[in-house]
Amino acid sequence: MAIRFSTDCEALLKFPQLQPRRVTPEWFSRIPAKVDGEGIIEDASEFKTVRVCPGFTDLYDTAIMLPLWCTVSLTRCSADRNDNPVPDPDSLDVFSMCAPDIFQVEWHPAGQAVGMPGTFGMKALPKMVSPWWVETDEGWSIYITPATHHSRTLPFEPIAGIIHTDRYHKSHLPCRWTREPGSEETVFAGTPFAYIFPFKRAEAPKIEIRLLKDEKEKERLDVEFHSGEYRKKRKRD
């Protein structure tokens, strides 16, 4: 299966750091494989860190990171009598300005997401108009979610969702506020913004719930955890 990113913005092809790519957070690449130094647990140096945890490494190996494609400036404004934005640090509205002009930010009335965390009393939620068309093979979709484990200081992040990109290819990113924005803020192009996970659609699995009492069955389910066999099999795969 191939996932194809297309754009009519030539500038995005000239700057590799602004293209979709696989990436791990900088902090993750720097940390050691084992705990460095003493902790509250005796012999903590024998503990492995998240650097070798399959839950983290498989996430970064699977995800495609989509960086923010343009610098966005957020300024609190209110509307004048002609409905033009006027800087107002006490306003509940936030207007954004993008550079360069070829990129757009649109807005959803906050009432469209009533009850969803991330409104903070704001009247509108930003929608980043994507310059990318995303296309997958028949039967494949993408799951879009915020760039987990990267910077959590962004004032807004994409709202997680699934798009059937074998049928619909223009994937704009409606966003929620992660905190109440200040009077003026700038988020720079290239900032880790969204993760994309391609997956093949399938019939939803039947959910089974059971009470486990058999000790041999518990041992069977736990054996790969205790033996480290899970990590070994991943390497062989």
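In this chain, residues are counted from 1 in sequence order.
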Considering only NZ, NE, NH1 and NH2 on the basic side and carboxylate oxygens on the acidic side, decide whether E219 and K216 come within less than 4.0 Å.
-> no

Checking T148 side chain against P146 main chain: does a donor-acceptor pair fall under 3.5 Å?
-> yes

Could you give me the CA-CA distance, side-chain angles and deciding distance for M122 and R176, then say whether side chain to side chain contact (heavy atoms under 4.5 Å, CB included) is met?
-> CA-CA 10 Å; M122 310 297 287; R176 61 183 291 274; over 6 Å; no

Please answer: with hydrophobic residues joined when any side-chain heavy atoms are less than 4.5 Å apart, are W69 and I144 in the same cluster?
-> yes

Do any N or O atoms from the side chain of R22 and from the backbone of T62 form a donor-acceptor pair under 3.5 angstrom?
-> yes

Indicate whether any N or O donor in one side chain lies under 3.5 Å from an N or O acceptor in the other, for S29 and T24.
-> yes

Do R201 and D166 have side-chain heavy atoms sitting under 4.5 Å apart?
-> yes

I159-M128 co-clustered via ILVMFWY side chain contacts under 4.5 Å | no

Any idea which heavy atoms bring F193 and L154 closest together, and the distance?
-> CD1-CD1, 4.2 Å

Treat each ILVMFWY residue as a node, draw an edge where side-chain heavy atoms are under 4.5 Å apart, and state whether F199 and L66 are in one component.
-> no

Taking all non-hydrogen atoms of both residues into account, name the closest pair between G190 and R21 and its distance.
-> O-NH2, 4.4 Å

Quick one: does R51's side chain have a donor or acceptor within less than 3.5 Å of a partner on K34's backbone?
-> no

Quick one: does V134's side chain get under 4.5 Å of I163's, heavy atoms only?
-> no

Once you round to the nearest 0.5 Å, how far does NE2 of H172 lie from CD of Q104?
-> 8.5 Å

Is T7 reaching over with its side chain to a backbone N or O of P131, donor-acceptor style, under 3.5 angstrom?
-> yes

Which pair of non-hydrogen atoms, one from P32 and one from T49, has the smallest distance, and what is that distance?
-> O-OG1, 2.6 Å

Quick one: are L68 and F103 in side-chain contact, heavy atoms under 4.5 Å?
-> no

Does A189 offer a backbone N or O that forms a donor-acceptor pair with the side chain of T71 under 3.5 Å?
-> yes

Given side chains that start at C-beta, do those of D93 and C77 come closer than 4.5 Å, heavy atoms only?
-> no

Heavy-atom closest contact (L173 atom, P158 atom, distance) | CD2-CB, 3.6 Å

Do K200 and M1 touch side chain to side chain, with heavy atoms closer than 4.5 Å?
-> no

Does any non-hydrogen side-chain atom of I64 lie less than 4.5 Å from one of P198?
-> yes

Count the heavy atoms of every other residue, nucleotide or ligand shown that sit under 6.0 Å from CD of E10, and state whether that count exceeds 12.
-> no

Below 4.5 Å, heavy atoms only, C-beta onward: do S73 and E184 meet side chain to side chain?
-> no

Value rounded to 0.5 Å, distance of CZ in F56 from CZ in F28 = 7.0 Å

Gap separating the CG atom of L59 from the NE2 atom of H149, nearest 0.5 angstrom | 6.0 Å

Check the hydrophobic clustering (I, L, V, M, F, W, Y; side-chain heavy atoms under 4.5 Å; chains of links allowed) and say if I142 and V129 are grouped together.
-> no

Separation of S130 OG from K170 NZ (nearest 0.5 Å) | 5.5 Å

Describe, in one word, how the ring planes of F197 and Y195 are oriented to each other, choosing from parallel (under 30°), tilted (30 to 60°) and perpendicular (over 60°).
-> perpendicular

To the nearest 0.5 Å, how far apart are CD in E215 and CZ in R220?
-> 14.0 Å

Which atom names give the shortest non-hydrogen contact between I102 and C9, and what distance separates them?
-> CD1-SG, 3.4 Å

State plainly whether one hydrophobic cluster holds both L74 and L125, where clusters connect Ile, Leu, Val, Met, Phe, Trp and Tyr through side-chain heavy atoms under 4.5 angstrom apart.
-> yes

Measure the spacing between CD1 of I196 and CH2 of W132 and express it to the nearest 0.5 Å.
-> 10.0 Å

Between the main-chain N or O of W133 and the side-chain N or O of R4, is there a donor-acceptor pair closer than 3.5 Å?
-> no

Do T165 and T136 have a side chain donor and acceptor closer than 3.5 Å?
-> yes

Is there a donor-acceptor pair under 3.5 Å between the side chain of W107 and the backbone N or O of K123?
-> no

Closest heavy-atom pair and its distance - H108, Q112 | ND1-OE1, 2.9 Å

